[in-house]
Amino acid sequence: MTQPDPIEALRALEQEALERISQADDPDALERVRVAYLGRKEGRVSEILRGLGQMPSDVRPRVGQEANRVKQEIEGALEVREGEVSTAVGGAFGDLTLPAREPWRGGIHPITQAVDEIWKIFRGLGFTRARGPEADTEWYNFEALNTPLDHPAADEQDTLYLVDSVLLRSHTSPVQMRTMERHEPPIRILAPGWVYRRDTYDATHTPAFMQIEGLVIDEGVTFVDFKATLAEFARRYWGPDTQVRFRPSFFPFTEPSAEIDVKRVITRPDGSREETDWLEIMGAGMVDPAVIENAGHDPERYTGWAFGMGAARIAMLKHGVGDLRTFFENDVRFLGQFAS
Ligand code: DAH
């Protein structure tokens with residue numbers, strides 16, 4: 001039986017492989033051709049190379065040389081064809097006509113931005129930042145602030161109790177007491193923080209929200225300081241034409257108490273100017289002497305004023321956002337508008 005000439009066999013394989021390569025039109029088809037001819041186990045050219053050792057020594061070098069040439073030829077053709085099929089639209093690199101993907105941009109949450117901006121203004125007015133615990137006692141949250149426990153705010157309907165007399169603070173006002181206990185006046189603090197209430201989650205309520213407390217205690221502090229400082233804050237935050245209104249109100253820890261409204265002047269893109277309605281921004285008042293006394297200071301010597309405002313409310317007014325929930329749903333299409 002005559003063995004087929006190995007050189008002839010190699011050339012036939014080469015023709016066959018090149019033919020299949022030219023017809024392949026996707027990367028998978030090319031991979032199948034590569035495996036069929038050059039694959040380590042079953043590749044037909046590889047098989048001949050493996051059999052070299054059993055060949056008579058006089059033909060071995062020629063067959064070896066030819067087998068390597070054919071192998072290189074096939075590899076070269078595979079590479080060229082791979083380049084052709086993968087650069088076609090819809091090939092291995094996808095649709096090259098698509099616009100590039102934008103790099104990810106992180107940003108500061110709009111509520112945090114509001115806190116930062118408000119903080120910068122109060123820092124400029126001589127305030128220090130303070131904080132207190134989110135889980136606090138009935139004493140700090142209510143009683144020390146002159147609020148008896150039979151007050152509606154202390155009811156389980158409104159406040160989230162953890163155990164007996166420990167609760168999630170329903171406002172940042174307990175930071176007033178905790179600060180006054182530890183520091184001798186003069187005190188000027190701004191205390192932003194999360195507060196919790198048993199509220200339904202809707203367009204104007206969230207069971208957790210960011211509140212910003214302010215407190216000033218010193219000798220000789222009057223209603224004039226109170227009014228002038230908050231009016232100055234409003235003008236720095238919303239612009240020099242902003243008007244401020246103090247409406248009589250009631251809070252157990254202030255006397256007198258006020259709710260503070262602002263009226264802003266908006267400049268339209270065409271240059272015309274328009275006044276907004278009065279918008280409520282905070283509760284405030286002169287600190288009740290009983291509160292100063294509860295903190296261990298002499299209410300005859302010291303007087304002061306305080307306020308509490310919702311950071312999300314300020315951010316809503318600033319950006320014209322109509323639904324509080326959008327701040328908490330973490331939809332990047334919304335939040336991305338505040339990333340600068
Ligand atoms: N703690 C009040 C609330 O959560 C807000 C407030 C009103 C804070 C008057 C004050 C204040 O410091 O003086 O509704």
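Just follow the structure's listing: the first ligand is 1, and inside any ligand the first atom is 1.
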Q: Would you say NZ of K227 has more than 12 non-hydrogen atoms from neighbouring residues, nucleotides or ligands within 6.0 angstrom?
A: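 Incorrect, the count does not exceed 12.
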
Q: Under 4.0 angstrom from ligand 1, any heavy atom of M309?
A: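 Not so, M309 does not reach ligand 1.
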
Q: Looking at ligand 1, does any of its N/O atoms fall within less than 3.5 Å of an N/O of F307?
A: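 Between F307 and ligand 1 (N or O atoms, distance only) the closest approach is under 3.5 Å.
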
Q: With heavy atoms of F251 as the reference, note each atom of ligand 1 found under 4.0 Å away.
A: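 Per the distance check, 7 (C), 9 (C).
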
Q: What protein heavy atom lies closest to atom 12 (O) of ligand 1? Include the residue and the distance to one decimal.
A: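 I find the closest protein heavy atom is E213 OE2, 2.7 Å.
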
Q: Hey, are R236 and E232 close enough for a salt bridge, meaning a charged N less than 4.0 Å from a carboxylate O?
A: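 Looking at R236 and E232, the cut-off is met.
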
Q: Can you tell which part of A306 has a heavy atom less than 4.0 Å from ligand 1: side chain, backbone, both or neither?
A: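 Both backbone and side chain of A306 come within 4.0 Å of ligand 1.
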
Q: Answer with side chain, backbone, both or neither: which part of M282 has a heavy atom less than 4.0 angstrom from an atom of ligand 1?
A: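 None of M282 does.
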
Q: For the pair Q23 and E19, evaluate side chain to side chain donor-acceptor pair (under 3.5 Å) and give the outcome as yes or no after the intermediate values.
A: CA-CA 7 Å; Q23 282 162 9; E19 181 75 19; 3.1 Å; yes

Q: R197 near ligand 1, heavy-atom distance under 4.0 Å?
A: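 Right, R197 reaches ligand 1.
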
Q: For the pair R34 and E31, find out whether any cationic side-chain nitrogen is under 4.0 Å from an anionic carboxylate oxygen.
A: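 Yes.
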
Q: Please say whether the positively charged group of R178, taken as NZ for Lys or CZ for Arg, lies over the ring of Y140, i.e. under 6.0 angstrom from the six-membered ring centre and within 45 degrees of the axis.
A: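 Geometry flag: set, cation within 6.0 Å and 45°.
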
Q: Starting from atom 11 (C) of ligand 1, what is the nearest protein heavy atom, named by residue and atom, and what distance separates them?
A: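 Its nearest protein heavy-atom neighbour is F253 CE1, 3.6 Å.
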
Q: In terms of atom number and element, which parts of ligand 1 are under 4.0 angstrom from non-hydrogen atoms of Q211?
A: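 Near Q211, meaning under 4.0 Å from one of its heavy atoms, ligand 1 has 3 (C), 4 (O).
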
Q: With a cut-off of 4.0 Å, which atoms of ligand 1 are near a heavy atom of G283?
A: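 In order of number, 6 (C), 7 (C), 9 (C), 11 (C).
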
Q: Answer yes or no: is there an ion pair linking R264 with E275, defined by an N-O contact shorter than 4.0 Å?
A: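 No.
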
Q: Do we get K120 above Y237's six-membered ring, with its NZ or CZ under 6.0 Å from the centre and within 45° of the axis?
A: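 Verdict for Y237: no cation-pi partner in K120.
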
Q: Could you list which atoms of ligand 1 come closer than 4.0 Å to a heavy atom of Q176?
A: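 Checking each atom against Q176, I get 12 (O).
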
Q: Counting each atom of ligand 1 from 1 as listed, which ones have a heavy atom of T254 under 4.0 Å away?
A: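 In order of numbering, the contacting atoms are 13 (O).
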
Q: Does the N or O separation between G214 and ligand 1 drop below 3.5 Å for any pair?
A: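 No: no nitrogen or oxygen of G214 is under 3.5 Å from one in ligand 1.
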
Q: Nearest protein heavy-atom contact for atom 8 (C) of ligand 1: which residue, which atom, what distance?
A: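 It is G308 N, 3.3 Å.
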
Q: Has S46 got a side-chain atom pairing as donor or acceptor with G39's backbone, closer than 3.5 angstrom?
A: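 Confirmed, S46 side chain pairs with G39 backbone.
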
Q: With atoms numbered from 1 as shown, which atoms in ligand 1 lie under 4.0 angstrom from a non-hydrogen atom of G285?
A: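 By the 4.0 Å cutoff, the relevant atoms are 13 (O).
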
Q: Do the charged groups of E66 and R69 touch, with an N to O distance under 4.0 Å?
A: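 Yes, E66 and R69 are salt-bridged.
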
Q: Are more than 12 heavy atoms, taken from residues, nucleotides or ligands other than Q337, located less than 6.0 Å from that residue's CD atom?
A: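 It does: Q337 CD has more than 12 such atoms within range.
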
